[in-house]
Amino acid sequence: MRIEVLIAGRGGQGILLLGHILGRAVAKYTNLYILGSEIYAAETRGGDSRVDLVIADREEEADFIKVMGADIAIVMHQLQLDAYSHLIKDGAVVFLDRSNVTSVPQRKWRVFLEPYTDIAEREFGTPRVANMVALGHLVRQTSLVPPEGVEEVIRETVPKDWVDVNIRAFRYFLSR
Amino acid sequence: MRIEVLIAGRGGQGILLLGHILGRAVAKYTNLYILGSEIYAAETRGGDSRVDLVIADREEEADFIKVMGADIAIVMHQLQLDAYSHLIKDGAVVFLDRSNVTSVPQRKWRVFLEPYTDIAEREFGTPRVANMVALGHLVRQTSLVPPEGVEEVIRETVPKDWVDVNIRAFRYFLSR
Amino acid sequence: MAVAHPLDRYLRTDRLPTMWCPGCGLGILLGCILRALDRRIREGSLRRENVGFAGGIGCSARMTLYPYFDSAHVIHGRAIPFALGVKIVKPEMKMIVVGGDGDIAAIGGNHILHAIRRNADLVVIMANNMIYGMTGGQQAPTTPRGLYTTTTPYGNPEREINIVKLAAALGANYVARGSVTHTPLLEQMIYKALGKRGLAFVEVLSTCPELFGRHIGFRSPVDLYSELRKRVVVKTRPSVEESDYSWERGFVIGEFVDRDEPGFIEVLQEYTSRARGGAG
Amino acid sequence: MAVAHPLDRYLRTDRLPTMWCPGCGLGILLGCILRALDRRIREGSLRRENVGFAGGIGCSARMTLYPYFDSAHVIHGRAIPFALGVKIVKPEMKMIVVGGDGDIAAIGGNHILHAIRRNADLVVIMANNMIYGMTGGQQAPTTPRGLYTTTTPYGNPEREINIVKLAAALGANYVARGSVTHTPLLEQMIYKALGKRGLAFVEVLSTCPELFGRHIGFRSPVDLYSELRKRVVVKTRPSVEESDYSWERGFVIGEFVDRDEPGFIEVLQEYTSRARGGAG
Amino acid sequence: MRVDYVTGNTAIALGSIAAGLRFYAGYPITPTSDIFEFLARELPKRGGYVVQFEDEIASINAAIGASWACAKSMTATSGPGFSLMVEALSLAVITETPVVVVYVMRTGPSTGVPTRSGQYDVLQATYGFHGGLVVPVLAPATPQEAFDLTVRAFNVSEKLRTPVVLLSDATIAHTYGRVVVREPGEVEVVERAKPSVPPEKYRPYDPGEGLVPPMACFGEGYNVLVESLTHDERGYYAPRSDVQRRLMWRLYRKIVESAPELFDYGAAYLDGCDVALVSYGSTSLSTLVAAKILRSEGYRACSIRLRTLFPVYEEGIRRLLNGVGKVFVVENNVGLYYRELRGVLRGSEVVSVPIIDLDLPQPREVVEVVKQWL
Amino acid sequence: MRVDYVTGNTAIALGSIAAGLRFYAGYPITPTSDIFEFLARELPKRGGYVVQFEDEIASINAAIGASWACAKSMTATSGPGFSLMVEALSLAVITETPVVVVYVMRTGPSTGVPTRSGQYDVLQATYGFHGGLVVPVLAPATPQEAFDLTVRAFNVSEKLRTPVVLLSDATIAHTYGRVVVREPGEVEVVERAKPSVPPEKYRPYDPGEGLVPPMACFGEGYNVLVESLTHDERGYYAPRSDVQRRLMWRLYRKIVESAPELFDYGAAYLDGCDVALVSYGSTSLSTLVAAKILRSEGYRACSIRLRTLFPVYEEGIRRLLNGVGKVFVVENNVGLYYRELRGVLRGSEVVSVPIIDLDLPQPREVVEVVKQWL
Amino acid sequence: MGSATAVLRVPTGKYFINVVKERCKECGLCVFVCPTKVLDKGSERNSRGYRFAVPVRPEKCIGCRMCEYSCPDFAIFIEVGGG
Amino acid sequence: MGSATAVLRVPTGKYFINVVKERCKECGLCVFVCPTKVLDKGSERNSRGYRFAVPVRPEKCIGCRMCEYSCPDFAIFIEVGGG
Ligand SMILES: Cc1ncc(C[n+]2csc(CCOP(=O)(O)OP(=O)(O)O)c2C)c(N)n1
Ligand SMILES: Cc1ncc(C[n+]2csc(CCOP(=O)(O)OP(=O)(O)O)c2C)c(N)n1
Ligand code: SF4
Ligand code: SF4
Ligand code: SF4
Ligand code: SF4
Ligand code: SF4
Ligand code: SF4
Ligand SMILES: [Mg+2]
Ligand SMILES: [Mg+2]
């Protein structure tokens, strides 16, 4: 088993945190091997943010740090969807933030299109947890990692004051 | 043609100067190739002084900087004679300072045994030109270099005040 | 390149905006340098083609990327010997060395020490933002004791350097400390430095809102800038003893030393000419 | 090894005679260091196994070859960081750095600068013979301007360093200049230095008859020694401003600075202990 | 033992702690500063010291000094800083000082692209210092290897009394991975041999029967001599050819004869391999994928990841690649370690595949280049 | 033109004057100081400058600076000092700065035996700096070669805009020899290409049709950019893989493609040679005699003295040694350049003959070792 | 969003206040240093997303150039004339 | 020429002046610094060829130890006692 996960969006959307939490949860709460890498533009606002994860059950299959054909993807913005859709392979499970995505390419993906940002703003009062809403969605649909593991990781990773709202956002899709 | 010359004595006997003047004269006033090296002990007094010259008419024959079997040698002291006679080959022309050499090994050398130091003291008032007396002797007996060349070199090499006495000492054997 | 700003004629405008973070004091300093140069060039006391920049590595040293002059962006800490090499063989050059507190006072310490000792004819401008900016906020020799940096997470245990005292003790012809919070004065110091023979040293207090500001709790450019301005004490002709460099007591700015001993280059030329005179 | 001389117990006598030229001042200095240590060891203020030497490269640094203590003869200019490495992890050590003017003030300049700035707990003894001895008589940063050296055959064009001023400006706890021509005073200075926390710096005027003496026309050890003695001006508690270092005006010796600020090691330990306290 | 998800740099810091690091001397440089910063937070909690020095020269010399005071020491740097350290590394070689230097390669020459990757410095890591003696160079490719090889670097360093270079790069530095982190008690930790004779009898460079002398430290009453000059067993300067020969060959042998023990590599798709892609460090991730692609396209390709670059275990490498038709050396530089390997594998066809890229070479590009030769 | 009798060191100083040296930046170190001292006396008479800096780091950086002010520049050092210079040499590589570094090897590692000889640093001379690009390394064996190769070093340096290392050693340094000294007008002297475009159009790293960009200097109104970062043709920082590739391969090619032109060697007893003793620098004097002895003992031995060590002209070396049964690489070190040659001469049997000696290896010893393999 | 040197040029009476929109990084220093509070962050963004400074009370400008001297990005300058 | 630590031991009355012959390098400093001119270069040479210092007027010795302190070679030292 070998899975590539791509997480992409604009700077400020919490992409790196999302990727880090997911990666960490896989590392700590599954028996899978994982390598992950981050890309972020130097610009303060709006540059690309991207996390690539390569997950495998045999160590030698966790063999590269860049996604070459993602099996699972979260894309939080149209710009990155345009830029990276060629990295997402046919048959992939793709989570798109409808709040920021306007047109979805015609590809053989299993697409989940939900307004993560709007949900975050509406339900939790801040767009900053849109990333956790999306993550919950992914965890629910793919069962790549146990949700409790993710929550553990959120607790160790996120600043104290933010843990609660992040966990609640994460549970949004899981609890429905 | 390839000739090795060994010049040896104790520190303070002007060995390096002797070797330098001879080497320089060969380089500048013959068409021969030459390489030369010096050894001197760090101690102020009494350590080994030694100059090795390798002289040849073809550049590739001037091939080493250490004497392996000297064709010509000047040895100014018994200690160095004992130490280096194995480096002087049979048939060599050997100049020994009788003032400091007490026993000459039984070898197939053509030996010139003269009291260079005594001559220098007696004729020129200082033992410091014993080296030039010996050099003159060598030049006379071997015609390795033209004497005028050596004198030229003495003029460029020796401090002004000393040129005259050095040249006179050098001429001692040449003029007889 | 269309010229807009009055300093554009001295700038590689195709490289703007600069790589510096918003509100970084280094751009303010660059403006002061260029205005001081402009005055000198206009008044005829410097020729444009005889002005050269050299900087090591760091946010501050990247200042060399923008001026439209001969300019060298070399290696960390070594701009001074580079510049001195230029100066010795082309004495008509006015070499301006720009660098950070790390570049000049940490890794480059030996070169500034000996350049000053020699009274080498260079203008050295040290941008002191009290931190390593380029590498992400580590301790600098100028970081006030006790403050947090990423390499001193329990507070900086080291005593900070008062480089004005060093420069004065070693005998620079001109030693001043300015601040980006006091631009007309800073411009005037640099203008003056550009006119000196021997070594002219200007330490410039600068703001790094991105890292230093964040470390000490002044995140916005304006917050840090105003905080620094509060701590700056302007003095007229202060003595070297008055050159306080202290987070608590404040940072005294002003001209500490202004003398006119012969510079290294002219002495070197005098001695070298003895050789040509046949002496030696 | 049979003990003859009273200092033999502190010497690797099997390495004697030293490699130094006859009449070289460095041996005199070594004697003063060992006598000062002897006093400290006898009075119980230092334990012998806690004394370590470190030197770079040079005739002066070779001083590390002879004392019968832990001793490091490392690379040119780097004895200070070596010693500081030892000191940080074994604070009970009393590390004595010995080196020449080239070793410490030229190539090692950056380390002495920062060691003093940090007030690092080291005893640094710089043997100043005004020349590069080991390499054959080249200019040193301490060579008085105008004098002949083999690399300045038309006279030294550089201004010499007054390292006492440097050490004082950077805030050493103890700064003294002694001379091998004044041995009881020198021994006392070193004795005192050994008792200080923070950085104790002793510059020692020394004689290099073989090269410096020859360059300036004082070929015999006694000639150079007596020439130096003439030019030494002893002052009691002189100020830093009085610390003349000049061939013409003379070389002022004495204790210029004696203060007692906390040393780097204790501050480092205090800050480090915050980590253990769980803070940060 | 715990599982963590950390970058290569953090893994190195964690590995150094596990191995018993007590002194980190550093000067900040991209892309190593987070090793420094991690240790600055963590090491003091464990009684160690982390100090920022005025430059890399001071850092490495302080690390050497601390090692002589019996503290396991480390510094980390990249190209410009390593270049400044080589003089002292030569000192560490001749004085036989255990010290670990983490060399995180970035894009060069000179300042280059400080944040990005490359493998340009692989030969400098061992040929970079004067004296011409080899030091062990270990090269991780993943965070887990970074952790494991850091522990190993310390152990080798202590055992052989030698500086060891841990050669990483900017890609590994910032790659996250699952890392099994062992705590100080949980890994095998080697400590330097201490003298068994009383101080009066101790000769600091006397290896006895073996090749590595026991090491006393400052402050133990042994009157240790640290000597950068050519020295005899006592540590006394001895400018003689026989002493020089004895010393040089011992220093050489103690490293080179450890080659079999130090040899370490990872191999994939080995059976029936006829096309070997040899690589090291981050680039071996590209190579691993490239080999898989080649296999999928019908080539009998395998991938070899060398984890020990120096000393070169020539026998071992030859045995490993015995019978392989073509050996491709894939590197993110102009083709440097290739020069070593083609000298070792004189029987095989050895081809250099130099791919310069600020990131990992694309596996596809590796495949394309390799296929040109097949 | 005149004939002189001088040491290798003096020959280098004379050669540098002949080649147009205008700036010598130095820090004293055995066994190079007499180059410095000679130039300190002579260069000022000819309008040049000789300055002693605070250390080798300052020296090389000042030399680089002076070169950017259009003065031919040089420095001389030995192992410890060269080690301190390597960071700046990497700068000189990426900024394409002509500068000559005289590297007089002495016995190492570290301080070793400062007055005595060895060839331990032959790999450091070109692999010693980060960035992994080759710089030309020329190796004289006699004072005459020291003179000639110094002139050549400057010419190569100017022509290719590169640092060049002149690799000598303590033996050559103090060996006297007959030297034909040519004065500045009497040797071919290459000057760097100057821009032919007006300042506004000048791009400091644009090689045009060739591989080497014309070079404008400080003070000429060209607004030159000296840039240690990866840069495009304008000298602007460009952290992109394509720019890095273009730059690296151009810098690599300009040196490596000059290998045929740079190749230089001396050979003796070549005809019918079946046993080649390959050597360089002072050791090749031992080798020359050893070959003669072997010939006299009936072996078909020859001696090859390489004068250009890097870039390695692989074709040329193979052609030269084509058909030779056994190749012995004789070196006064643990066997370093051998590693290069066995990679180049993969068809021949190549044997390392490492002879560590503070002086020249004795020809007899060379002969004995070689004979063990015959 | 206009060329790299597109300038917002506002007459004050005795001066022109010029803002080079694309250079501004919204640091606010000019706003802070202006003694008469002439300037403020604008609402328009440049192509890098920064809301460049704008003269909101141009008539109060006294031409002291503190804004020009304190701008780290050569993004604001004063010309005499106009009005 | 005696062992490496062979000492010439001369009583002065209140002191012993000791010269470690093999260590002396004939530099003359002790001779020079002695306030009462007790010492002089000797005529005997040690194995390195140096004419080591000797007390020529031992009775004048005041035990000030300037010779001991100024000797760079640990070749001369004063002991109290004797006479
Ligand atoms: C030899 C070397 N060591 C370290 C670095 C990494 N480095 C780059 S800039 C810098 C220091 C930056 O601080 P400073 O000089 O104060 O400049 P700032 O960025 O604060 O303006 C360092 C350590 C380097 N480039 N070269
Ligand atoms: C890196 C390096 N550069 C140069 C040298 C050569 N060197 C040895 S000692 C020395 C200077 C000696 O002068 P100083 O430190 O004053 O000591 P002294 O011999 O005068 O006591 C130099 C330049 C060296 N060993 N290492
Ligand atoms: S990091 Fe600091 S110094 Fe560097 S550009 Fe940003 S604000 Fe300026
Ligand atoms: S050269 Fe000078 S400093 Fe060195 S030992 Fe001789 S006299 Fe002393
Ligand atoms: S010139 Fe002065 S008053 Fe006018 S806007 Fe600028 S800072 Fe304000
Ligand atoms: S100071 Fe300059 S960059 Fe900052 S807001 Fe004002 S105009 Fe914009
Ligand atoms: S102790 Fe004093 S008086 Fe006696 S010999 Fe020595 S110097 Fe002279
Ligand atoms: S001072 Fe010492 S070495 Fe010099 S002459 Fe006197 S006893 Fe001998
Ligand atoms: Mg800074
Ligand atoms: Mg000295």
Side-chain angles (χ1 to χ4, degrees), chain C residues 12 14-15 19 47-57 61-62 64-65 67-95 107-108 110-111 113-115 117-118 264-265 268-269 271-278 280, chain F residues 22-25 40-73 75 87-92 94-95 97 99 199 204 216-229 231 234-237:
Chain C
R12 296 180 191 266
D14 57 344
R15 303 189 87 166
M19 49 73 68
R47 287 162 54 102
R48 183 169 179 165
E49 63 269 35
N50 288 346
V51 174
F53 282 83
I57 299 294
R62 289 237 179 146
T64 54
L65 270 57
Y68 199 40
F69 294 90
D70 289 328
S71 188
H73 181 232
V74 293
I75 51 179
H76 194 36
R78 315 306 173 188
I80 287 175
F82 181 97
L84 195 47
V86 171
K87 181 75 185 175
I88 290 168
V89 302
K90 276 214 173 154
E92 67 273 25
M93 293 297 291
K94 178 63 68 177
M95 291 300 297
I107 196 169
N110 208 24
H111 309 305
L113 191 168
H114 287 281
R117 168 183 65 84
R118 292 186 181 104
F264 174 59
I265 298 295
L268 179 68
Q269 292 201 310
Y271 278 73
T272 301
S273 70
R274 295 187 192 168
R276 281 170 228 171
Chain F
R22 279 200 45 226
F23 180 62
Y24 182 91
R41 289 191 304 275
E42 295 304 320
L43 202 58
K45 294 184 190 161
R46 294 167 162 83
Y49 296 93
V50 175
V51 175
Q52 182 171 328
F53 283 83
E54 54 272 23
D55 59 18
E56 287 88 350
I57 299 176
S59 301
I60 181 66
N61 282 286
I64 291 170
S67 183
W68 275 98
C70 269
K72 290 191 185 178
S73 306
T75 185
E87 191 205 3
L89 285 173
S90 195
L91 171 69
I94 203 171
T95 56
T97 310
V99 63
C217 304
F218 270 53
E220 299 183 330
Y222 278 81
N223 297 313
V224 164
L225 278 180
V226 181
E227 181 53 88
S228 72
L229 293 161
H231 46 261
R234 294 170 302 177
Y236 286 14
Y237 182 39

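Below, read A as the first sequence line, B as the second, and so on, with proteins coming before strands; counting in each chain starts at 1.
Contacts of Ala88(F) with chain C are made by both backbone and side-chain atoms, with heavy-atom separations under 4.5 Å. Contact annotation for Ile57(C): only side-chain heavy atoms (C-beta onward) come within less than 4.5 Å of a heavy atom of chain F. Of the two parts of Met95(C), only the side chain, counted from C-beta on, holds a non-hydrogen atom closer than 4.5 Å to a non-hydrogen atom of chain F. At a 4.5 Å heavy-atom cutoff, Arg47(C) makes no contact with chain F through either its backbone or its side chain. For Ala25(F), no part sits under 4.5 Å from any heavy atom of chain C, backbone or side chain. Only the side chain of Leu268(C) comes within contact range of chain F, judged by heavy atoms closer than 4.5 Å. Neither the backbone nor the side chain of Glu42(F) comes within less than 4.5 Å of any heavy atom in chain C. Ile88(C) touches chain F through backbone and side chain together, each having a heavy atom under 4.5 Å away.
Taking the ring centre of Tyr236(F) as origin, the terminal cationic atom of Arg12(C) falls outside the region bounded by 6.0 Å and 45° from the ring axis.
By the ring-ring contact (aromatic ring centres under 6.0 Å, His included) test, Tyr271(C) is found to be paired with no residue, residues two or more places apart in sequence or in another chain being considered. Scored by the side chain to side chain donor-acceptor pair (under 3.5 Å) test, Arg117(C) finds His114(C), Glu158(D) as partners (sequence neighbours excluded).
Two residues are said to be in side-chain contact when any heavy atoms from C-beta on lie closer than 4.5 Å; Asp70(C) and Trp68(F) fail this criterion. Considering only heavy atoms from C-beta on, Arg234(F) stays 4.5 Å or farther from Leu225(F) through its side chain. In this structure the side chain of Phe53(F) never reaches within 4.5 angstrom of the side chain of Thr75(F), judged on heavy atoms. At a threshold of 4.5 Å between non-hydrogen side-chain atoms, the residues Asn61(F) and Ile75(C) count as touching.
Between chain C and the options Cys217(F), Gly65(F), Pro199(F), Gly235(F), heavy-atom pairs under 4.5 Å are most frequent for Gly65(F). Among the candidates Glu49(C), Arg78(C), Arg48(C), the residue making the largest number of heavy-atom pairs closer than 4.5 Å to chain F is Arg78(C). Taking chain C as the reference chain and counting heavy-atom pairs below 4.5 Å, the highest number among Ser67(F), Gly219(F), Gly221(F) is found for Gly219(F). Taking His111(C), Met93(C), Met19(C) one by one and counting their heavy-atom pairs under 4.5 Å with chain F, the maximum is reached by His111(C). Comparing Ser71(C), Pro67(C), Ala72(C) by heavy-atom pairs within less than 4.5 Å of chain F, the highest count is held by Ser71(C). Contact count against chain F (heavy-atom pairs under 4.5 Å) is highest for Val74(C) among Asn50(C), Val74(C), Leu65(C).
Distance CZ/Arg276(C) to CZ/Arg46(F): 12.0 Å, rounded to 0.5 Å.
When only modelled atom types and interatomic distance are considered, Gln269(C) and Tyr49(F) share a side-chain donor-acceptor pair under 3.5 Å.
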